[in-house]
Q: 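I am attaching a structure below and will ask some questions about it afterwards.
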Amino acid sequence: MIMCDIYLNELSLDGQYGQIDDFLDASVPVMRCLKFIYENNKQVYKYTGFFERKITNNMKWNDLRGFHSDKARRLKSLLLSTTDHPPFWDTQKELKQDISATYRMGDTDVTLTSAAEAAEGDGILLSFSHEVFNNCQIRVIKNATERLEIESAVTLDYLADQLWNKKQIDIHQYLCVKYEGTRLNFTKLDTKYGFLDFEKEELRDCFQTFDKFVHMENWNEIFRDQGLRYKNYSPSSNEKNWFSGSRYSGKAIDKFRCINPKRCFGYREDDIFYVLRMERDHRISDYG
């Protein structure tokens, strides 16, 4: 369960959008984040002045009440679902930031904003697309001397990175979110043969390989890559077949290398490789 606090970043709305439709189109990644947060029974904290923030030069968030497109309804519904209990962080009895202190981002005073509250509480900012806040680390200076670092997430994969780094989600959940919509799918991974015993360096090798795998131009490039060594898993007998008797025994199982000696096993359907199991030591691979 996600324990760290997530704050909706009101500073990421300062009238930067040309029109409401531009804003709604740009908000699709934020909607994915809100949906993920809702599904994990987590809420998003927001500032009482959030609804007065400008979306376009002459329209505020409150003006969205007059818009009834599918995206507008979806965004409002998700925001309501994730920020209702309680709705505002600055109405709580105890704030995480020091109300006697001054917090700045560069030349901007951010005292009593979600940025300062998240910085003092080791939280994460959930931001709308904005040149200052797009998937990046933000530095907040307290009383001109103390440096605080916070992460500002716009997209779900970046949010997942930060939650993983803070040990807020497990490896299986992280990989499902991180690679959703790519040619790698981890939803069928058998966690008994997953990453439970992998060391940090081994995980880093796997992440590096997975990123390489999904960013290759096509399958022919994957088949030719000498680092991946993508091939069919073909053990000499059923006794040596790791998947014999499993629900996937009828599938054509393939494997690829995640930097020696680690191997990733799964099967391909159309453009998707469904990851089923991971191997650390190559002993299974030796038989096929």
Side-chain angles (χ1 to χ4, degrees), residues 1-17 23 26-27 29-30 33-34 36-37 40 42-55 57 60-61 79 82-83 85-169 174 177-178 200-201 203-204 207:
M1 181 178 178
I2 300 172
M3 299 299 292
C4 75
D5 291 331
I6 302 173
Y7 296 84
L8 196 62
N9 182 12
E10 72 276 4
L11 299 178
S12 65
L13 290 178
D14 60 7
Q16 72 267 36
Y17 295 96
F23 164 70
S27 296
V30 179
C33 292
L34 289 169
F36 175 76
I37 293 166
N40 282 273
K42 182 64 178 175
Q43 66 182 47
V44 177
Y45 293 94
K46 63 180 181 292
Y47 172 61
T48 51
F50 173 79
F51 294 111
E52 292 301 315
R53 298 296 297 184
K54 296 179 68 174
I55 295 176
N57 188 50
K60 299 178 181 180
W61 181 277
L79 192 60
T82 54
T83 61
H85 305 289
F88 305 114
W89 60 261
D90 53 324
T91 60
Q92 304 307 298
K93 292 181 179 179
E94 294 184 7
L95 301 185
K96 292 182 170 61
Q97 61 188 288
D98 182 354
I99 61 174
S100 66
T102 299
Y103 298 83
R104 303 190 72 85
M105 280 179 48
D107 296 329
T108 304
D109 187 341
V110 295
T111 307
L112 292 178
T113 68
S114 295
E117 191 72 2
E120 283 285 22
D122 193 29
I124 298 173
L125 286 176
L126 178 59
S127 302
F128 293 92
S129 182
H130 187 288
E131 60 181 0
V132 175
F133 297 105
N134 283 343
N135 289 344
C136 61
Q137 188 175 80
I138 301 297
R139 179 176 298 169
V140 174
I141 305 298
K142 178 182 178 181
N143 289 337
T145 57
E146 185 179 352
R147 187 172 70 180
L148 305 171
E149 308 284 358
I150 50 172
E151 298 292 340
S152 171
V154 173
T155 62
L156 183 53
D157 63 332
Y158 192 87
L159 177 63
D161 281 341
Q162 308 320 312
L163 293 172
W164 166 251
N165 291 338
K166 291 177 179 290
K167 300 180 180 179
Q168 299 291 299
I169 54 177
Y174 171 64
V177 171
K178 177 72 174 176
K200 184 181 296 186
E201 294 76 15
L203 288 175
R204 189 180 302 118
F207 297 161

Q: Hey, are Thr145 and Asn143 close enough side-chain-wise for a donor-acceptor pair under 3.5 Å?
A: no
Q: Do Arg53 and Leu11 have side-chain heavy atoms sitting under 4.5 Å apart?
A: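 SC-SC contact between Arg53 and Leu11 confirmed.
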Q: As an exercise, state the distance from CD of Glu151 to CG of Asp161, rounded to the nearest 0.5 Å.
A: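 Glu151 atom CD to Asp161 atom CG measures 9.0 Å (nearest 0.5 Å).
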Q: Determine yes or no for a side-chain-to-main-chain donor-acceptor pair under 3.5 angstrom, with Asp90 supplying the side chain and Leu112 the backbone.
A: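 It does not hold such a pair.
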Q: Find the distance between CE (Met3) and CG (Asn40) and round it off to the nearest 0.5 Å.
A: 12.5 Å
Q: Quick check: do Leu34 and Val44 have side-chain heavy atoms less than 4.5 Å from each other?
A: yes
Q: Using a 3.5 Å distance criterion without hydrogens, assess whether the side chain of Glu10 forms a donor-acceptor pair with backbone atoms of Ser114.
A: yes
Q: If the test is side chain to side chain contact (heavy atoms under 4.5 Å, CB included), which one of Asp14, Leu8, Asn9, Asn134 qualifies with Phe128?
A: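 Testing each of Asp14, Leu8, Asn9, Asn134 against Phe128, the sole residue satisfying side chain to side chain contact (heavy atoms under 4.5 Å, CB included) is Leu8.
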Q: Taking Glu52 first and then Lys60, would you say they form a salt bridge - that is, a charged N and a carboxylate O separated by under 4.0 Å?
A: yes
Q: Any side-chain heavy-atom pair from Ile37 and Leu159 closer than 4.5 angstrom?
A: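 They are in contact (side-chain heavy atoms under 4.5 Å apart), so the answer is yes.
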Q: Rounded to the nearest 0.5 Å, how far does CG of Asp157 lie from NZ of Lys178?
A: 5.0 Å
Q: Identify the heavy atoms of Tyr7 and Gly123 that sit nearest to each other, and give their distance.
A: CE1-CA, 4.3 Å
Q: Rounded to the nearest 0.5 Å, what separation is found between the CD atom of Glu120 and the CD1 atom of Ile150?
A: 10.5 Å
Q: If you compare all heavy atoms of Ser152 against all heavy atoms of Phe133, which two are closest, and at what distance to 0.1 Å?
A: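 What the structure gives for the nearest pair is OG-O, 2.7 Å.
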Q: With the side chain counted from C-beta on, respond yes when Val140 and Glu146 share a heavy-atom pair under 4.5 Å apart, and no when they do not.
A: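 A side-chain contact is absent here, since even the closest heavy-atom pair is not under 4.5 Å.
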Q: Just wondering, do Lys96 and Trp89 contact through their side chains at under 4.5 Å, heavy atoms?
A: no
Q: Answer whether the closest heavy-atom distance between the side chains of Gln97 and Tyr103 falls below 4.5 Å.
A: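 Yes, close enough: below the 4.5 Å cut-off.
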Q: Might you point out which heavy atoms bring Ala118 and Leu125 nearest each other, and give the distance in Å?
A: CB-CD2, 4.1 Å
Q: Could you tell me which residues satisfy salt bridge (Lys or Arg N to Asp or Glu O under 4.0 Å) with Lys166, sequence neighbours excluded, listed by chain and number?
A: Asp122
Q: Tell me whether the centres of the aromatic rings in Tyr174 and Trp164 are closer together than 6.0 Å.
A: yes
Q: In the structure I gave you, are the side-chain heavy atoms of Met105 and Val132 within less than 4.5 Å of one another anywhere?
A: yes
Q: Are the side chain of Gln168 and the backbone N or O of Cys4 linked by a donor-acceptor pair below 3.5 Å?
A: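 Side chain of Gln168 to backbone of Cys4, a donor-acceptor pair under 3.5 Å: yes, one is there.
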Q: Measure the OH-CZ distance between Tyr45 and Phe88 for me, rounded to the nearest 0.5 Å.
A: 13.5 Å
Q: Can a donor-acceptor pair be found, under 3.5 Å and without considering hydrogens, that links the side chain of Ser127 to the backbone of Val154?
A: no
Q: Just verifying a value: how many Å separate Ile138 CD1 and Glu149 CD, rounded to the nearest 0.5 Å?
A: 9.0 Å
Q: How would you list all residue pairs meeting salt bridge (Lys or Arg N to Asp or Glu O under 4.0 Å) that involve residues 125-137, not counting sequence neighbours?
A: none
Q: Quick one: sort the Phe23 and Tyr17 rings into parallel, tilted or perpendicular, breaks at 30° and 60°.
A: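 It falls in the perpendicular class, over 60°.
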Q: Check the surroundings of atom NZ in Lys142: do more than 12 heavy atoms from other residues, nucleotides or ligands lie under 6.0 Å from it?
A: yes
